[in-house]
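A quick write-up on the structure given underneath.
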Amino acid sequence: MTVSEVRALDVRALTKTFAGGRALDDVDFAIAAGEIHALLGENGSGKSTLIKVVSGFHRPDPGATVLIGGQPLAFGSPLASYELGARFVHQDLGLVEASSISDNLAFGPGFPTAFGTILARRAHARAARALEQVEIDIDPDALIGSLSPAQKTGVAVARALLAKGSASVRLLVLDEPTARLPEHEVVHLLALVRSVARRGIGVLYVTHRLDEVFEIADHATTLRDGRRVASKPVPGLTRHDLLHDLFGAALEHPLRMPSAAGQSPLIDADGAAAAMSGPVLSGALLSGAVLSVALLSVDGLCSEVLREVTFAIEAGEVVGVAGITGSGRDALCATLFGAGRRDSGVVRVNGQPLRRARPAEAMAQGVAYVPAERKLQGAFMDLTARENISISNLQKLWRWPRLRRRQEGQEARRWFDRFSIRPNGAVEQLLSTFSGGNQQKVVFGKWFQRQPVLFLLDEPTQGVDVSAKAELHAALFEAARSGAGVLISSSDVEELATTCDRVLVLRSGRIVAELRGAEVSPHAMSRAALGIDHQEPILPQGTMT
Amino acid sequence: MKRFPRSLGFDRFSGAYMLGAFVIVFSIWKPSLFATTATLHSVTADKAISGILALAILVPLVCGVYDLSVGATVNFATILSVLLVKNGWSIPLAMLIAVFLGGVIGAVNGFIVVRLKVNSFITTLGMASVIAAVQVIVTHNQQPLPPNIPIWNDITQKTVLGFQVIVLYMLAIAFVVWWALAHTPVGRYLYAIGSSPEAARLSGVRVDAYSWLSLIASGTIAGIAGVLYGSLTGPSLSFGGGLLLPAFAAVFLGSTQITPGRFNVWGSVLSIYVLATGVRGLQLVTNNVQWLDGMFSGVALITAVAVAVGRQRSADERKRRSLSSTRQLSAADA
């Protein structure tokens, strides 16, 4: 391409300050037309803020310029961003599963009609052309629900690229398009991205997976703590360079990997099957373990995949589960509790096997489960706080012929005091009137009341303010001190690093690393979650033993 | 918005105030016809069956399940019990069989809803049609005559303190349903399922079992209502369908009363009589026009749901405002 060609995106001196601090600090970078440009960075490094500025959602601090296709972007206007030719495909694709591809492509720009009747043939042809442009060969009449994940992403891309009016597309932003894709589908998606770039559209490709950067990107920009650390052409770049950019000089020594004897239930990414022999199993079935899980597998039709997950939790231990989206992290706690089906494997609580996947059975063994989606799964928004707390304990309050309402109220108030839930003592208010942090405390109260021996928690402090977060953690520590086992699954690696004695890292449904004691750090978790193992030395080659 | 003092309870007892207003207005308007104990006695007795039917609808509705088949069930139970009695079966046995059959209908509904995962609205709508068809098969579409046995009529028509005893039955059933919904774990589980089935499941509630149970309860209560109707008014081939909508209206209107935002027993019973009093008064004023009942019930059903939805939305809005104001406050502190 020539220098005279207009750049797809040009970002200069971009700074964005929120009330909490600086999300982006003087960021510069540019994407040429037809270039695939990878954007890398850990959670919280400023990637999403950057995208939201380009899409016209956030208004940056004064002094910044953003050019899309050579034209300056009027900040804070999604329409302006659209008209300059910027298109976005988010992780949530926003497709209607029950409708056909051609319908999905028409929902935005409208159907071709005559006298209010849809011209099916023309809609079909238009959809076929849109699919052709992204080099997907599927019948436009196929339902979205019948497509593979990569094909769905392709349809979302085709929809984003649809011409509307005179605006031509200059820039396509893909936000972690492969996060939810199975490994074998990634290659299809990458081919599609290349075909988009060949049309002269600049592609901003946000990803966590380093392999993809080398496979597809022409250029890579790395953000760390809101600053642009590097922006380099990919040819000539090494994995080590990228890691260095991502994590800075504070790189730690490589992960401890399991010995062949397997003294702990720690499994190598590639040698999972080999490491799965006897010693690992016996390690997982320790008699003192509150929870022991052996070869737990879920096929992933209804949830994420889990493959032969094996580990144990001792009494008093706080164990974390880390992993990127799609790694199986979201499915683990729910599956252990019996909220979802499991295909094989043995789960024991205090030595007692949980035979059926049924929440009531797990609860009878003393298991508590706090789901990630509080509003849908964790609590009853239109019942009172008192009813939310007592729902799992009603048998204790029942004395013929009625529930002991006063005792129930006292019990609820006790948990309000214990977790300092605000408004103070408002146990008769509907749960929907409480703030997120206080709602979560009510959910905790419900489970603490049962004095569980094992806590399973999915994103326990999501949407919770800082002080409530500390109180919830303190409560878990106290439960652990009195002998309960705690398993925390979280996308927030900082949270895991500050709370857990030990962290299991999942990737593609397998436990790929186990970090203990001093090894538990956000960087170590991120590295393991991204698949940087001992074969990818982080220190310069010479210093490896 | 202007706030009424809470002690007057306009919020929770608007129905009771409306009932009072109806009584006063119509007593002044038609003193000789409306303001009589005879009117009181007849309204209470006439609407007792509707009240029981409302209770039948209420139980599954608490856990988010619609039972539209209760109208057909009540009708079928009436016909069946009358036919059995006329064929020489003993009255208690005939009644028991009819009530039991109501329960069986509920169990079948439950099987379809819980096991086959068919939407309850569709299931019970279809079931209503099937029951009506079975009724035609059994009766050859000929309305049986009421059994000429005095005891049969006495079961519901005997008067206690001027009221027909059916009113007491209705209150007794209301009491039992109230106890079950408000004072037992089962009731709590039903409300929890109605609030969020998934959260209930993850709290260890056996969602399927209780949903099924609620439909068995509604079928059984509808069976009782049918048997009592047979005794009170005599068999009819088609009265049941006409009772369905007023009963639904009462249950939804009731959810804005006593404990607003929640389907509840006394709100439903109150609403039945608010509607009945309004209709009776207007009938007296307008010389018995036929369309009043249907018009009144339909308008009441839609209004009740609109009020409930509006209340929810304004509550959300209030919360949003209070949260954003506290956020501003804490930001100002920092």
Side-chain angles (χ1 to χ4, degrees), chain A residues 19-20 334 337-340 358-364 367-371 373-384 386-405 408 422-423 429-436 443 446-447 450 456 458 465 467, chain B residues 62-64 175-176 178-210 255 259-263 308-309 311-334:
Chain A
F337 186 62
R358 193 181 259 198
E361 190 181 337
M363 284 167 63
V367 182
Y369 172 56
V370 176
E373 297 275 344
R374 184 169 53 240
K375 287 196 170 156
L376 296 174
Q377 306 184 318
F380 307 95
M381 289 296 148
D382 50 7
L383 298 188
T384 64
R386 164 177 58 79
E387 289 166 317
N388 266 282
I389 291 176
S390 67
I391 186 71
S392 299
N393 280 298
L394 291 177
Q395 291 309 330
K396 285 211 178 101
L397 296 165
W398 166 253
R399 304 248 194 307
W400 171 263
R402 49 189 281 267
L403 287 168
R404 299 293 131 171
R405 187 69 68 85
E408 187 188 1
R422 296 288 174 273
Q429 281 191 21
L430 298 185
L431 197 68
S432 57
T433 64
F434 290 82
S435 71
V443 174
K446 165 174 95 178
W447 289 112
R450 293 177 58 87
L456 304 171
D458 265 334
D465 60 87
S467 67
Chain B
V62 163
C63 69
F175 182 84
V176 171
W178 167 73
W179 166 76
L181 288 181
H183 291 286
T184 70
V186 177
R188 282 300 175 77
Y189 294 146
L190 292 180
Y191 279 110
I193 295 167
S195 171
S196 167
E198 188 57 14
R201 191 172 77 89
L202 295 178
S203 299
V205 177
R206 290 159 61 202
V207 174
D208 285 354
Y210 287 109
S255 76
T259 47
R262 209 173 268 211
F263 294 111
V309 172
R311 196 194 295 271
Q312 184 63 45
R313 278 174 46 193
S314 63
D316 290 348
E317 180 65 12
R318 265 202 304 282
K319 189 198 174 195
R320 199 182 60 74
R321 272 199 221 120
S322 82
L323 278 183
S324 69
S325 71
T326 49
R327 222 168 268 144
Q328 273 161 12
L329 280 179
S330 56
D333 286 348

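Keep in mind that this is a model prediction, so the values were computed, not measured. Residue numbers begin at 1 in each chain, while the letters A, B, ... track the order of the sequences.
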### Message
Can you tell me which portion of A/Arg404 sits under 4.5 Å from chain B's heavy atoms? Options are side chain, backbone, both or neither.
### Response
neither
### Query
Once the angle between the rings of A/Trp398 and B/Trp179 is folded into 0 to 90°, is it parallel (under 30°), tilted (30 to 60°) or perpendicular (over 60°)?
tilted
### Task
Mind listing the closest non-hydrogen atom pair of A/Ala379 and B/Ala199 along with its distance?
O-CB, 3.8 Å
## Note on the structure
Correct closest heavy-atom pair for A/Phe337 and B/Leu202 would be CE2-O, 3.6 Å
### Task
Sort out for me which residue in A/Ile391, A/Leu383, A/Asp382 forms a side chain to side chain contact (heavy atoms under 4.5 Å, CB included) with B/Tyr191.
A/Leu383
### Query
Atom OG of B/Ser195 and atom CG of A/Asn388: how far apart are they, to the nearest 0.5 Å?
7.5 Å
### Query
Is the backbone of B/Ser203 close enough, under 3.5 Å, to the side chain of A/Ser392 for a donor and an acceptor to pair up by distance?
yes
### Message
At a 4.5 Å cut-off on heavy atoms, which part of A/Ala339 comes close to chain B: side chain, backbone, both, or neither?
### Response
both
### Query
Does atom CZ of A/Arg450 have more than 12 heavy-atom neighbours from other groups under 6.0 Å away?
yes
### Message
Using side-chain contact (heavy atoms from CB on, under 4.5 Å), reason through A/Gln377 and B/Arg201 one step at a time and then give a plain yes or no.
### Response
CA-CA 9 Å; A/Gln377 306 184 318; B/Arg201 191 172 77 89; over 6 Å; no
